[in-house]
Every structure is written in C-alpha cells, then in structure tokens.
Amino acid sequence: MPIDQLQSLVLSRFGLDGGAMFGIVPKPIWERSNPADLRNRIRMSGRALLLDIGDRRVLVETGMGDKWGAKEADIFAVDTSFGSAPARLRALGIDPDTITDVIVTHLHFDHAGGLTVLDGNGAARPAFPKATHWVQGRNLAYAEAPGLREVGSYRRENFAWMREPGGVRVELLDGPQRLFDAIDLIPTNGHTRGMQLLRFNHAGDTFLHAADIVPTYGHTPVAYVMGYDMEPMTSIEEKRTVLTEVAQGGFLSTGHDPDHGFARITDRGHDKFESYDKVEGGVA
Ligand SMILES: [Zn+2]
C-alpha cells in the first residue's frame with residue numbers, strides 16, 4: 001500500500017566533528033561537500049519523516065530532543081530554539097497528538113533524544129504517550145549495555161521507559177518486518193547493532209530511508225563511512241546494497257543532511273554514487 005502523504009521534517013539542528021563523520025577520508029576531500037566551522041564541526045540536521053497511511057500517522061525518528069545542558073549544547077552546537085520533538089512538530093503546524101506510531105531506526109541520541117521530555121520533577125517521560133513505538137529488540141538490548149565506544153551515544157533517559165510494565169506501548173521487533181502493509185523494515189548492523197532502514201512507496205516511487213548508512217549526501221561514495229561506525233566493513237556492504245538499489249530508481253532519504261530530505265542516486269561505477277534531483281521536504 002503506498003504512503004498517502006510524505007514529508008521530511010527537520011526536528012533538530014546541530015554539529016558533529018567532521019573528521020569523525022567521515023572516518024578515513026581526508027578533510028580536503030570532505031570539506032568540499034560538508035564545510036566545517038572553526039571547531040571542525042559540520043552542519044547536521046536531525047531529520048524525521050512524517051508518513052500518513054490511511055488513518056495512521058507515523059513519525060520516523062525524533063531528533064535530538066531538548067534535554068541538553070549548556071556544556072553539551074555547546075559541544076554539539078545544538079540549536080536549542082528547536083525545543084522538544086512535540087514542540088517542534090507544533091511549530092511546523094503538526095499536532096503531536098495526531099501521531100499514532102513512532103518508529104526509531106536506532107536509539108542513538110540524535111534519533112531518540114526526542115522520545116522523551118522532562119516532567120516538572122526533572123524525570124524523562126515519553127513525549128508521545130498515545131503512540132505505539134517500534135524499535136528492534138536487539139537495538140534496545142544493546143543500548144542498555146553498550147560497548148565502550150557507544151556509551152556516550154546511548155543515553156538511558158531516552159529509552160529506560162521502554163521496559164516499564166503497563167506504560168506507553170512499545171513493540172520490540174525481531175528482524176525484518178512489514179508494518180501497516182506499507183513499510184518494510186530492514187535491519188542493518190554496521191553503524192550499530194540492530195539499526196533498521198525503511199522502504200516504502202509514495203507517488204509512484206520507491207523510497208529508502210538509509211538513516212546513518214548514508215548520513216548526508218556528502219557520504220554517497222561507498223568508502224565514505226563514519227568513524228563512529230562499529231563495523232565499518234559491514235557498513236560498506238550495507239551501503240553498497242542500499243545505493244545500488246536506489247540507483248535503479250526511486251529516492252534516498254538520509255538521517256542528517258542539513259539541506260535536503262530526499263535525492264535520486266546515480267551509479268558512476270567503481271563504488272562511486274552521486275545524488276541528484278535533491279529536494280528539501282516533500283516529493284509530490
Ligand atoms: Zn547513529
């Protein structure tokens with residue numbers, strides 16, 4: 001079943017170290033597509049997708065959220081004016097109470113930070129209490145006991161509520177899944193364990209949301225893999241598969257491109273892919 005309405009939304013703006021974002025790629029190469037500020041940070045967005053499917057309204061990803069102290073906001077160049085995920089949706093003219101389902105590709109803070117908001121006592125509570133939340137069980141288990149390299153990326157305040165009995169509804173998925181007869185969820189493991197990509201149809205095209213497999217459109221050459229990735233050679237295999245598929249037709253959707261939500265992809269051979277026909281928020 002095709003998606004009725006599709007939008008790419010910028011829920012957050014922030015910056016991450018360009019060297020970490022491009023792994024082994026030398027700065028003179030990556031700074032052409034992704035220029036760095038004086039502290040070597042490149043511009044990043046926390047992108048979400050809004051998918052209307054019949055009577056369901058699905059939010060994919062939740063951005064950075066607003067639980068940031070002054071020191072962290074400074075380090076990550078967080079634009080704190082964007083606020084919590086529900087506040088940002090309201091600012092974009094979207095009533096957060098209409099969201100029936102929330103899918104997160106993985107629980108790193110720049111995707112799951114908006115899952116919670118602080119209550120009056122400073123406790124993190126679900127930001128979308130009426131919605132059903134969909135995440136791979138493997139990713140949640142790993143987020144609860146991360147390896148040393150990912151301790152800073154998996155913050156309990158974003159997902160501890162998921163194990164509370166009788167609380168907000170969470171569906172822990174185990175592997176590939178089709179949701180609402182419209183969205184295929186595709187697990188990957190190179191960036192982190194149990195991430196899930198999305199494939200769906202809209203307006204006659206296939207869309208593939210690559211999350212952190214292709215974080216910005218500067219990352220389309222296959223070897224441009226992030227230093228953050230847990231298994232870079234696995235990322236390379238997964239990325240080649242994703243880009244080869246999109247180059248046959250349809251659109252790619254990235255997790256963090258500062259300027260564009262969707263793009264078409266062309267295959268230049270020798271593991272060089274390029275984006276074109278980039279659009280910011282909506283396609284048809
Ligand atoms: Zn990530």
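Computed over heavy atoms, backbone and side chain alike; hydrogens, waters and symmetry mates excluded. Counting begins at 1 with the first residue of the sequence.
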- Message: I'd like to know if the side chain of E237 and the backbone of M233 have a donor-acceptor N/O pair within less than 3.5 Å.
- Response: no

- Going only through I, L, V, M, F, W and Y residues with side-chain contacts under 4.5 Å, is there a path from M195 to V222? yes

- Using 4.0 Å as the upper bound for N to carboxylate O, is an ion pair formed by E280 and R47? yes

- Side chain N189, main chain R193, donor-acceptor under 3.5 Å: no

- Message: If we count only N and O atoms by modelled type, under 3.5 Å, do the side chains of S12 and D110 hold a donor and an acceptor together?
- Response: no

- Task: Check the angle between the aromatic planes of F207 and F262 and answer parallel, tilted or perpendicular using the 30° and 60° thresholds.
- Result: perpendicular

- Task: State whether a side-chain donor-acceptor pair under 3.5 Å links E61 with T105.
- Result: yes

- To the nearest 0.5 Å, atom CG of L107 lies from atom CE of M162 at 5.5 Å

- Shortest non-hydrogen separation from A127 to V117 and the atoms involved: CB-CG1, 3.9 Å

- To the nearest 0.5 Å, tell me how far E144 CD sits from N139 CG. 10.0 Å

- Message: I'd like to know if D267 pairs up with K272 as an ion pair, taking the criterion as any Lys NZ or Arg NE/NH1/NH2 lying under 4.0 Å from an Asp or Glu carboxylate oxygen.
- Response: no

- Message: Please determine whether side-chain contact (heavy atoms from CB on, under 4.5 Å) holds for the pair I99 and L50, giving the CA-CA distance in whole Å, both sets of side-chain angles, and the decisive distance to 0.1 Å.
- Response: CA-CA 9 Å; I99 305 289; L50 189 67; 3.7 Å; yes

- Message: Using only atom types and a distance under 3.5 Å, with no angle test, would you say the side chain of S275 pairs donor to acceptor with the backbone of R264?
- Response: no

- Message: The test is side-chain contact (heavy atoms from CB on, under 4.5 Å); show your working for N34 and F22 and say whether it passes.
- Response: CA-CA 10 Å; N34 297 68; F22 279 90; 3.5 Å; yes

- Point-to-point distance, once rounded to the nearest 0.5 Å, from CD1 of I3 to CG of N201: 8.0 Å

- Message: So does V10 get a backbone contact from the side chain of R88, meaning a donor-acceptor N/O pair under 3.5 Å?
- Response: yes

- Any donor-acceptor pair under 3.5 Å from D119 side chain to N121 backbone: yes

- Query: According to a 4.5 Å side-chain heavy-atom criterion applied to Ile, Leu, Val, Met, Phe, Trp and Tyr, with indirect links allowed, do L92 and F128 form part of one hydrophobic cluster?
  - Reply: yes

- Mark yes or no for whether Y276, through its side chain, and T266, through its backbone, hold a donor-acceptor pair below 3.5 Å. no

- Message: Are H108 and Y154 an aromatic pair, judged by ring center distance below 6.0 Å?
- Response: yes

- Task: Please report the shortest heavy-atom distance between A131 and V102, naming the atom on each side.
- Result: CB-CG2, 4.0 Å

- Message: How about CZ on R169, more than 12 heavy atoms from neighbouring residues, nucleotides or ligands closer than 6.0 Å, or not?
- Response: no

- Would you call D101-R56 a salt bridge at under 4.0 Å N-O? yes

- Item | Distance (rounded to the nearest 0.5 Å) between D52 CG and D4 CG | 7.0 Å

- Please confirm whether the backbone N or O of P258 pairs with a side-chain atom of R13, one donor and one acceptor, at under 3.5 Å? yes

- Pair F109 and W68, ring centroids less than 6.0 Å apart: yes

- Note on the structure: dist D184:CG -> T206:OG1 (nearest 0.5 Å) comes out at 10.0 Å

- Task: Return the orientation label for the H106 and H111 ring planes: parallel under 30°, perpendicular over 60°, tilted otherwise.
- Result: tilted

- Query: Between P28 and R32, what is the shortest heavy-atom contact and its length?
  - Reply: O-NE, 3.4 Å

- Item | Residues, nucleotides or ligands: over 12 heavy atoms within 6.0 Å of D95 CG | yes

- Query: Are a donor atom and an acceptor atom from the side chains of T100 and R57 found within less than 3.5 Å of each other?
  - Reply: no

- Message: Let's go through E274 and I265 carefully: what are the C-alpha distance in whole Å and the side-chain angles of both, what is the deciding distance for side-chain contact (heavy atoms from CB on, under 4.5 Å) to 0.1 Å, and is it a yes or a no?
- Response: CA-CA 6 Å; E274 287 173 10; I265 296 294; over 6 Å; no

- Task: Could you state whether F159 and V104 fall into the same hydrophobic cluster, counting links through intermediate Ile, Leu, Val, Met, Phe, Trp or Tyr residues with side-chain heavy atoms under 4.5 angstrom apart?
- Result: yes

- For Y224, does its backbone N or O pair with a side-chain atom of K239 as donor and acceptor, under 3.5 Å? yes

- Can you tell me if Y228 and E150 form a side-chain donor-acceptor pair at under 3.5 Å? no

- Message: Donor-acceptor pair, distance only, cut-off 3.5 Å: does the side chain of S45 make one with the backbone of D257?
- Response: yes

- Query: Can R125 and E164 be counted as an ion pair, charged N to O under 4.0 angstrom?
  - Reply: yes

- Can you tell me how far OG of S235 sits from NE2 of H219, rounded to the nearest 0.5 angstrom? 11.0 Å

- Inspect the contact between R240 and E245 and indicate whether a charged nitrogen and a carboxylate oxygen are less than 4.0 angstrom apart. no

- Message: Can you give me the closest heavy-atom contact between I53 and I183, atom names plus distance?
- Response: CD1-CD1, 3.8 Å

- Looking only at non-hydrogen atoms, find the nearest pair between A182 and M1 and report the distance. CB-O, 3.3 Å

- Query: Under 4.0 Å between a Lys/Arg side-chain N and an Asp/Glu carboxylate O for D259 and K278?
  - Reply: no

- Query: With no hydrogens and no angle check, is any side-chain donor or acceptor of R163 less than 3.5 Å from a backbone partner on A160?
  - Reply: no

- Would you name the heavy atoms of D229 and H191 that are closest together and state the gap between them? OD1-ND1, 2.7 Å

- Task: Establish, yes or no, whether a centroid distance under 6.0 Å links the rings of F76 and F14.
- Result: no

- Message: Can you see whether F273 has R268 sitting over its ring - NZ or CZ less than 6.0 Å from the centre and within 45° of the normal?
- Response: no

- Item | Candidates L185, L49, L179, V58 - the one meeting side-chain contact (heavy atoms from CB on, under 4.5 Å) with L198 | L185

- Item | Derivation and outcome, side-chain contact (heavy atoms from CB on, under 4.5 Å), residues L252 and V242 | CA-CA 9 Å; L252 185 75; V242 162; 3.8 Å; yes

